Amino acid sequence: MQKKTMIWLGSLTAAAVFCGALAVSAQPGDNSDPVVTKSYIDQVVSELRSYVDSSVQNTSSSSQAETPPTSGVSSTYQVLEIAQGQKVTLGEGTEFILRGGKGTIFSTPEGGIADTTAGEDLADGSAVPLNHLLIVPRNDGRGFVAEEDSFLMIRGSYQIQ
């Protein structure tokens with residue numbers, strides 16, 4: 001029995017020495033034992049913050065340089081800035097509201113554009129009233145010409161020329 005105890009004690013000692021050697025050989029901060037310090041976290045956060053700030057700045061400067069669309073289809077109201085003399089041809093069912101500026105209607109022999117606010121039809125050459133909801137009944141070339149720089153809220157299809 002004493003022989004078994006000695007073998008068991010020797011094995012236990014050998015295992016303890018082996019585990020101790022592994023613990024001593026591992027250096028703090030290497031791949032087997034990574035150490036993260038507060039200074040490292042502060043450095044990474046600072047780099048990340050400067051990267052995000054520069055990305056946001058680049059995005060905002062590039063979005064300011066974009067030109068407005070010349071045509072489109074919108075299922076929600078979209079605000080467009082129309083320069084003096086530009087012509088906006090509107091598609092069937094398109095709704096628009098002149099929010100600022102002046103403009104006139106151009107239409108076809110089939111009729112004008114419905115002013116749902118006033119309950120009338122705006123014929124060719126009619127002035128577009130401010131803040132009235134106008135609806136285009138057909139896709140036959142009806143639209144709006146800006147007499148001065150104007151702002152439109154528009155929902156539907158359009159083409160700016």
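In this text, all values refer to a predicted model and were calculated from it rather than measured experimentally.
With values rounded to the nearest 0.5 angstrom, Ile97 atom CD1 is found 10.5 Å from Ile154 atom CD1.
Partners of Gln84 according to the side chain to side chain contact (heavy atoms under 4.5 Å, CB included) rule, which considers only residues two or more places apart in sequence or in another chain, are Asp149. Contacts of Ala127 classified as side chain to side chain contact (heavy atoms under 4.5 Å, CB included), with partners at least two apart in sequence or in another chain: none. Listed by chain and number, the residues in a side chain to side chain contact (heavy atoms under 4.5 Å, CB included) with Glu95 are Tyr77, Leu133, Ile135, Arg155 (sequence neighbours excluded). Taking Thr76 as the reference, nothing meets the side-chain hydrogen bond (donor to acceptor under 3.5 Å, both in side chains) condition, with sequence neighbours excluded. Every residue meeting the side chain to side chain contact (heavy atoms under 4.5 Å, CB included) condition with Glu92, not counting sequence neighbours, appears here in chain and number order: Asn139. Listed by chain and number, the residues in a salt bridge (charged side-chain N to carboxylate O under 4.0 Å, His left out) with Asp121 amount to none (sequence neighbours excluded).
Connectivity analysis of hydrophobic side chains (ILVMFWY, heavy atoms under 4.5 Å, direct or indirect) links Phe106 to Val145.
Residue pairs meeting the salt bridge (Lys or Arg N to Asp or Glu O under 4.0 Å) criterion with at least one member in residues 97-116, sequence neighbours excluded, do not occur. For the salt bridge (Lys or Arg N to Asp or Glu O under 4.0 Å) condition, the pairs that include at least one residue of residues 36-50, sequence neighbours left out, are Lys38-Asp42. The salt bridge (Lys or Arg N to Asp or Glu O under 4.0 Å) contacts involving residues 124-148 comprise Asp140-Arg142, where partners must be two or more places apart or lie in separate chains.
Between Phe96 and Leu90, the closest side-chain pair of non-hydrogen atoms falls below 4.5 Å.
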